[in-house]
Amino acid sequence: MLMSLTKNYRLVLLKTAFVAAAFGCFFNTIAKEGMWLPANLKKNEADMKSQGLEIPVDKIYNANGTGLNNSIVLFGSGCTAEVISPKGLLLTNHHCGYGTVQGLSSKDHDYFANGFFAKNNKDEIPCPGLAVTFVRRMENVSNVILQNIPDTLDNPKRDSIISVRIKNLEKGWRFTTKMDATIKPLFNGNQYWVFLTETFKDIRLVGFPPNGIGSFGGDSDNWMWPRHTGDFSMFRIYAGKDNKPADFSADNKPYQAKNFLTINIAGYKEGDFSMVYGFPANTQEYISSYQLNQILKTTDPIRISIRTKKLECLSKNMSASRDIFLKYTSKRAGIANGWKKWQGEVKGLEQSNAIEMKKTEEADYQAWATANVDKLGYAHELLGKIQVNAVKVDSALKADTYISEAVFGIETIQQSATLDKILNLLRSSSMGDAAKNDSITKLAKATDAFFKNYDAATDKDMFQSLMPMYYKGIKSWTPIELRKSLKYYKGKWSAMASDVYNLSFMANQEKFNNFIAKIAVKDTLKIMSDPGWRLYNAVAQFRKLNITPLITQYNNNLAFYNRLYMNAQMTQYWNTNFYPDANQTLRLTYGKIEGLDPCGPANYSYQTTLDEAIAKDDPKVDEFKVPSKLKELYTKKDYGRWKVNNTVPIAFTATNHTSGGNSGSPVLNAKGQLIGTNFDRAWEGTMSDLHYDPKLCRNIALDIRYTLFIVEKFGDAGWLLKEMKMVKK
Ligand code: ARG
Ligand code: GLU
């Protein structure tokens with residue numbers, strides 16, 4: 001019989017008991033770790049029902065086109081969205097639409113300041129480059145992909161056999177289903193699944209509240225609870241005449257969705273069953289303590305310290321000019337998001353003693369593996385090998401982190417990769433002139449997008465802050481050219497920066513365009529004397545020769561050992577229902593609506609309200625400026641049908657195991673109806689990507705009633721609500 005508990009569960013229970021005893025309070029959360037593959041939910045059904053699920057799991061997912069999976073999409077490159085009307089209306093997070101909306105914004109159309117709500121379909125704004133993908137069906141194809149491949153076959157051989165099989169099998173699935181087919185590894189390569197998908201490319205902006213609502217609390221409140229951010233935006237899928245995916249065309253029609261979510265506006269209470277359905281991107285729940293330690297002690301701290309500097313630079317420059325703000329706001333949000341998440345991760349890993357817990361698990365594993373050598377033949381050697389590899393790569397990893405975060409965090413240097421590509425084209429003897437020109441034109445075009453959001457003075461500031469950090473942080477891993485150059489500038493980074501930003505093509509769009517307009521083969525020399533390219537080239541070459549080979553070898557070794565280690569762990573706990581690490585495939589997680597800290601201060605409610613948001617209003621601080629129209633609605637208590645206890649609920653927390661990529665995911669009740677939109681996690685719990693602790697891990701969701709209140713009362717877009725199906729019970 002399958003148990004629906006993961007192996008960590010036993011330890012989690014022990015720890016929970018310990019914490020409860022220490023705090024003198026009873027803690028009865030059931031650990032709801034797990035991001036389950038929808039097609040495997042039968043194994044969880046009994047557990048889910050005992051927790052409160054009221055619908056059969058094959059309503060959540062099935063291969064016949066009638067499951068809830070047909071209402072969920074991968075949104076853009078990394079978020080989730082859900083279909084909430086028969087006319088293809090999509091709901092996701094504000095921060096998921098942010099980059100797209102930046103592309104649609106200008107000083108005259110400042111959607112961040114003013115918001116945007118279409119008044120009818122005609123108003124909806126096309127979003128070039130944005131696409132959404134449905135997962136219609138998934139099947140385990142491990143039998144075909146892994147047939148007759150021994151576990152211990154070395155990775156290069158194994159990978160080449162597998163990649164041929166994948167290509168052929170995908171082709172077959174495409175042919176028979178007329179859908180896109182992608183085969184992906186799960187459980188570190190111990191299983192392979194095919195995902196049959198449909199991608200729509202004509203997506204239009206429908207609603208986007210101003211930042212004073214949609215990113216209220218900004219980076220200060222990001223990853224934090226309590227939270228008052230109206231983090232939503234709405235888009236619409238458009239389809240061709242046949243209701244199938246089509247490239248953008250003014251003739252396309254709103255997608256007629258057979259499947260869309262019913263919205264439950266009756267609310268919820270603490271303890272209610274909840275599910276989150278979406279596309280978590282990346283977790284590493286089964287890694288060894290050595291790798292965990294590396295994240296905790298090496299990579300996270302380096303990345304945090306570099307980003308602290310980056311953010312100082314950006315804040316200074318962005319607050320000085322609205323123009324610079326508009327150029328950098330999306331990039332800054334991304335930088336700040338990781339920066340804060342990793343801090344929470346470190347805090348949470350320490351607070352929950354994750355390394356020690358892993359070590360205990362490993363001792364247990366090692367004892368089992370040693371006693372059962374004949375079972376797999378390799379299980380007893382794995383941890384030792386993983387440790388040796390991890391230790392060996394440590395300083396190269398440190399250097400690599402500095403290079404990617406600091407050196408290539410300076411856009412002028414990073415973008416000099418374009419000059420490098422042009423240089424290679426000019427030098428190429430196998431390519432004709434016409435083909436060369438064509439490629440150069442394409443590169444130049446892509447560079448336009450870069451310059452649109454680039455300010456040389458801001459980047460120069462960044463250069464002067466980050467280069468010394470890289471240099472001091474890992475001096476023995478810096479290229480000789482850089483050391484010589486620094487000597488030439490008498491140790492003054494500011495002098496080096498002056499030359500880079502006065503002279504480099506990549507620091508001046510006009511100069512770059514003029515160069516490209518008249519480019520000739522002899523211009524290789526011009527590139528080779530460009531100070532931006534010289535830095536880029538020195539560091540990139542050094543990395544390629546001295547660092548990348550070590551890291552690649554490490555990753556290859558690790559992929560091999562981690563696959564076997566995963567298999568061994570699943571063999572040890574043969575009767576445990578394991579979930580695969582996240583890899584941007586569709587997952588369902590379930591848990592309960594629950595406050596953050598039942599043993600802590602009593603004023604930590606599981607839910608926040610508009611009154612609390614208004615209390616945080618601070619017209620002097622951008623992040624906490626409540627728009628005046630929202631304040632008016634508040635003063636008049638003009639809440640319409642969204643009034644609950646004389647206010648409007650904003651956000652709530654639950655114990656769903658989510659990750660990056662679950663932004664915009666629907667939060668569903670026991671009947672599979674929409675009650676909210678997932679948008680974040682509580683700070684101390686962000687380590688759930690590596691280690692789930694039921695005491696600390698909470699996801700944060702926006703109450704659907706706040707979304708609808710804002711659309712109707714703030715955005716005057718009540719017409720959208722008429723499309724939706726709402727129930728009160
Ligand atoms: N932390 C959330 C997530 O990981 C929201 C990020 C957007 N908000 C921000 N202030 N940067 O995506
Ligand atoms: N905000 C995250 C995202 O963009 C989701 C929150 C999380 O990482 O849990 O996917």
Side-chain angles (χ1 to χ4, degrees), residues 33 35 72-82 91-102 112 208-209 211-225 227-233 276-285 307 310-311 314-315 318 325 328-345 348 582-584 586-587 589 591 596 621-624 651-667 676-693 696-702:
E33 173 177 353
M35 304 173 164
I72 320 290
V73 290
L74 175 68
F75 180 88
S77 54
C79 278
T80 305
E82 50 276 11
L91 174 62
T92 185
N93 288 151
H94 193 263
H95 75 263
C96 293
Y98 208 82
T100 298
V101 170
Q102 182 176 32
F112 298 124
F208 188 83
N211 282 5
I213 293 171
S215 30
F216 183 74
D219 291 324
S220 309
D221 278 5
N222 191 22
W223 299 112
M224 299 286 213
W225 184 255
R227 191 64 161 279
H228 306 90
T229 318
D231 197 343
F232 80 92
S233 58
V276 174
Y277 211 170
F279 294 88
N282 184 13
T283 61
Q284 303 178 77
E285 312 286 353
R307 288 195 180 198
K310 282 189 195 175
L311 290 166
L314 289 175
S315 296
M318 286 166 73
F325 173 87
Y328 281 89
T329 181
S330 190
K331 285 186 268 195
R332 184 190 189 284
I335 294 169
N337 198 39
W339 169 76
K340 196 157 178 189
K341 183 198 158 176
W342 296 320
Q343 291 174 61
E345 191 166 271
N583 63 347
Q584 219 181 47
L586 185 64
R587 304 298 176 87
T589 101
L596 180 60
V621 182
D622 257 348
E623 293 184 333
F624 291 100
F652 59 94
T653 53
T655 62
N656 299 298
H657 185 186
T658 53
S659 186
N662 273 124
S663 273
S665 297
V667 183
T677 316
N678 188 71
F679 69 96
D680 214 358
R681 271 175 288 170
W683 208 32
E684 302 80 350
T686 59
M687 83 297 192
S688 63
D689 293 349
L690 305 163
H691 166 75
Y692 186 91
D693 180 338
L696 299 175
C697 296
R698 294 291 178 279
N699 63 311
I700 300 176
L702 179 64

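Every number for a ligand or one of its atoms is a count from 1 in the order of the listing.
When each of Asn656, Asn662, Asn699 is paired with Asn678, the side chain to side chain donor-acceptor pair (under 3.5 Å) condition holds for Asn699 and for no other.
Using a 4.0 Å cut-off between charged side-chain N and carboxylate O, Lys340 and Asp680 make no salt bridge.
Partners of Arg587 under the salt bridge (charged side-chain N to carboxylate O under 4.0 Å, His left out) rule, at least two apart in sequence or in another chain, do not exist in this structure. With sequence neighbours excluded, the residues forming a side-chain hydrogen bond (donor to acceptor under 3.5 Å, both in side chains) with Arg332 are Asp219, Ser315, listed by chain and number.
When heavy-atom distances to ligand 2 are checked against 4.0 Å, the residues falling inside are His95, Trp223, Thr658, Ser659, Gly660, Gly661, Asn662, Ser663, Phe679, Asp680, Arg681, ordered by chain and number. Protein residues with any heavy atom under 4.0 Å from ligand 1: His95, Gly218, Asp219, Asn222, Trp223, Ala333, Asn337, Ser663, Phe679, Asp680.
Inter-residue side-chain proximity for Trp342 and Arg307 is flagged as met; some heavy-atom pair is nearer than 4.5 Å. A heavy-atom distance below 4.5 Å is found between the side chains of Arg227 and Phe679.
In this structure a side-chain-to-backbone donor-acceptor pair under 3.5 Å is missing from Thr589 to Thr658. Between the Thr655 side chain and the Cys697 main chain, no donor and acceptor come within less than 3.5 Å of each other.
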(request) Determine, stepwise, if the pair Asp689 / Arg681 fulfils side-chain contact (heavy atoms from CB on, under 4.5 Å). (result) CA-CA 11 Å; Asp689 293 349; Arg681 271 175 288 170; 2.8 Å; yes
